[in-house]
Protein chains: 2
Amino acid sequence: MPDMHSRSVQDYLKALYKLQHNDTPVSTSELAARLHVAPASATAMIKKLADAGLVEHVPYQGSRLTESGRREAVNMVRRHRIIEQFLQEVLHYRWDEVDEEAEVLEHAVSDKMVDRMWEVLGRPSHDPHGSPIPDADGHVPHQPGTPLSEWPDNTPATIVRLVERSPEELRYFAQQGIRPGEAVQIVQRAPFDGPITIRTASGETSLSPELAQAIHVQ
Amino acid sequence: MPDMHSRSVQDYLKALYKLQHNDTPVSTSELAARLHVAPASATAMIKKLADAGLVEHVPYQGSRLTESGRREAVNMVRRHRIIEQFLQEVLHYRWDEVDEEAEVLEHAVSDKMVDRMWEVLGRPSHDPHGSPIPDADGHVPHQPGTPLSEWPDNTPATIVRLVERSPEELRYFAQQGIRPGEAVQIVQRAPFDGPITIRTASGETSLSPELAQAIHVQ
DNA sequence: ATCATTTTTTAGCCTTGCCTAAATTATAAT
DNA sequence: ATTATAATTTAGGCAAGGCTAAAAAATGAT
């Protein structure tokens with residue numbers, strides 16, 4: 001089954017996958033916004049995807065990936081993560097440089113090349129930020145972990161993952177000693193969804209609840 | 001000057017560059033054949049390239065690259081050679097696997113990534129077959145060397161380059177001990193453009209004159 | 001419950017790059 | 001020198017994947 005879909009199709013599938021973490025169908029405008037296209041363009045593409053059996057679409061209600069669509073989307077995530085890591089480790093890219101390049105390469109590189117990169121990297125199951133790398137069969141390694149924002153106060157925890165964020169935010173995390181494997185603890189939580197103060201090995205910091213959500217602990 | 005041309009444009013420029021080694025303008029049908037497109041398609045693209053100042057086109061006569069077209073074509077050659085070598089050295093591709101992948105990647109990879117690959121490879125000026133790798137400014141290192149077919153008989157020579165050939169032919173060369181750096185000598189030349197018999201470190205072989213042309217010596 | 005607003009879809013158009021078929025120009029043969 | 005052939009260009013289409021503007025459906029407010 002050589003799934004040779006166009007770059008656009010792959011981008012739509014990936015976007016649907018990422019917008020779908022809850023479980024409710026994805027709205028057309030959400031999708032269009034994510035991909036920086038006009039809503040009408042998204043509608044047209046969704047119809048194509050539905051015809052190809054990659055999504056289920058109920059007009060005026062939204063779309064969700066089918067199993068085959070999900071598999072292809074997961075494969076794009078795999079490619080993306082492996083390419084990013086390869087760019088960092090082998091070609092010495094900085095964090096804030098990898099995404100742009102990976103965004104293009106993920107559509108161009110063969111499955112074989114992705115596998116070779118993965119070998120060279122030592123067959124990792126997670127990327128340096130703790131995000132799981134799906135395997136070649138479309139299985140996503142289970143990731144325990146809870147958002148730090150939902151963790152009880154004053155209870156020691158270990159960071160297991162930093163969910164995808166902008167390079168600036170990731171860099172900020174790194175500066176604050178917030179990295180997978182490090183210990184953290186919530187020392188104070190301001191009322192009305194105010195900033196959360198945490199202690200790490202390297203000191204105390206305050207974070208918005210939104211940012212704290214990106215830190216998964218266990 | 002971010003020259004961001006489409007994949008097709010880049011392919012046309014590269015093809016024109018390769019077909020133009022002599023100096024005479026390239027015919028539309030030659031170009032079309034090389035790119036596996038209909039002649040009419042090539043005509044249309046040539047007009048676009050001429051409008052963009054990348055080629056000079058005299059209707060019914062042929063096309064030649066302008067300086068700016070040549071620069072971009074040379075850059076594609078640089079990319080291709082570096083990518084091929086990277087695939088071999090870093091990702092352990094075999095000869096016959098690199099071309100297909102490089103053909104796609106050369107259009108997808110950023111200049112930055114090409115430079116990083118080149119660094120990792122140790123900034124080579126020639127690829128493993130002896131072909132020059134143009135520098136980032138579009139200069140092609142001069143390659144002395146003469147086709148073996150034009151070398152005098154019974155005169156020792158050193159192989160400096162194997163010009164681009166199919167993977168099968170390159171593999172055959174390797175089996176016969178025909179590699180850059182190796183010594184060769186013509187021991188016999190059959191009449192009427194017949195096979196040329198050569199001696200290498202690993203014995204004697206006969207080659208068609210056409211193949212012997214691909215071996216450049218000095 | 002109706003009217004206004006927002007979201008989604010439909011309709012029609014554009015660009016890129018390919019195609020085939022027909023017209024045109026160049027080249028070769030008598 | 002004319003005619004036949006081959007190469008090239010023009011003309012008209014098609015598929016992808018965008019766009020805008022207008023119509024239709026859903027949602028929210030009074």
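Because the structure is predicted, anything quoted here is derived from the model rather than measured. Numbers restart at 1 for each chain; the letters A, B, ... are given by sequence-line order, proteins then strands.
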Practice item. Please report the shortest heavy-atom distance between A:Q85 and A:I133, naming the atom on each side. Key: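 Heavy-atom minimum between the residues: OE1-CD1, 3.7 Å.
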Check your understanding: Looking only at heavy atoms, which two atoms of B:V90 and A:F86 are closest? And how far apart?
Key ->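 Residues B:V90 and A:F86, closest heavy atoms: CG1-CZ, 4.3 Å.
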Between [N] ([atom2]) and [X] ([atom1]): distance, integer Å:
X: B:E30; N: D:dT8; atom1: CD; atom2: C1'; answer: 14 Å
X: A:M45; N: C:dT9; atom1: CE; atom2: C1'; answer: 16 Å
X: A:Q61; N: C:dT7; atom1: CD; atom2: C1'; answer: 12 Å
X: B:L35; N: C:dC18; atom1: CG; atom2: P; answer: 8 Å
X: B:I46; N: C:dG17; atom1: CD1; atom2: P; answer: 14 Å
X: B:H5; N: C:dG17; atom1: NE2; atom2: P; answer: 10 Å
X: A:H57; N: D:dA25; atom1: NE2; atom2: P; answer: 13 Å
X: A:Y60; N: D:dT27; atom1: OH; atom2: P; answer: 12 Å

Measuring from the side chain of [X] (C-beta onward, heavy atoms only), which nucleotide among [options] has the closest atom?
X: A:A40; options: C:dT10, C:dT8, C:dT20; answer: C:dT10
X: B:Y12; options: C:dC18, D:dT20, D:dG17; answer: C:dC18
X: B:T43; options: D:dT9, C:dC19, D:dA26; answer: D:dT9
X: B:S29; options: D:dA7, D:dT20, C:dT8; answer: D:dA7
X: A:K47; options: D:dA26, D:dT20, C:dT10; answer: C:dT10
X: B:S41; options: C:dT25, C:dC19, D:dG18; answer: C:dC19
X: A:K48; options: C:dT9, D:dA16, D:dT20; answer: D:dA16

Check your understanding: Can you find a side chain N or O atom of B:S8 that sits less than 4.0 Å from OP1 or OP2 on C:dT16?
Key ->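 Answer no for this pair, as no side-chain N or O of B:S8 is under 4.0 Å from OP1 or OP2.
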Review point. Is the shortest side-chain N/O distance from B:S27 to OP1 or OP2 of D:dA7 below 4.0 Å?
Key: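 For D:dA7, neither OP1 nor OP2 has a side-chain N or O of B:S27 closer than 4.0 Å.
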Check your understanding: Would one find more than 12 heavy atoms of other residues, nucleotides or ligands at under 6.0 Å from atom CD of B:E210?
Key ->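 It does not: B:E210 CD has 12 such atoms or fewer within range.
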Practice item. Find which nucleotide of DNA chain D each of A:S6 and A:P59 is nearest to by heavy atoms, and output the residue with the more 5' nucleotide. Key: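 Upstream on the strand: A:S6.
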Point to revise | Cation-pi geometry met for A:R116 and B:Y93 (6.0 Å, 45°) | key: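 Checked: cation-pi criterion met.
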**Study point:** Cationic tip of A:R78 above A:W118 ring, under 6.0 Å, 45° of axis
**Key:**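 Pair A:R78/A:W118 counts as cation-pi.
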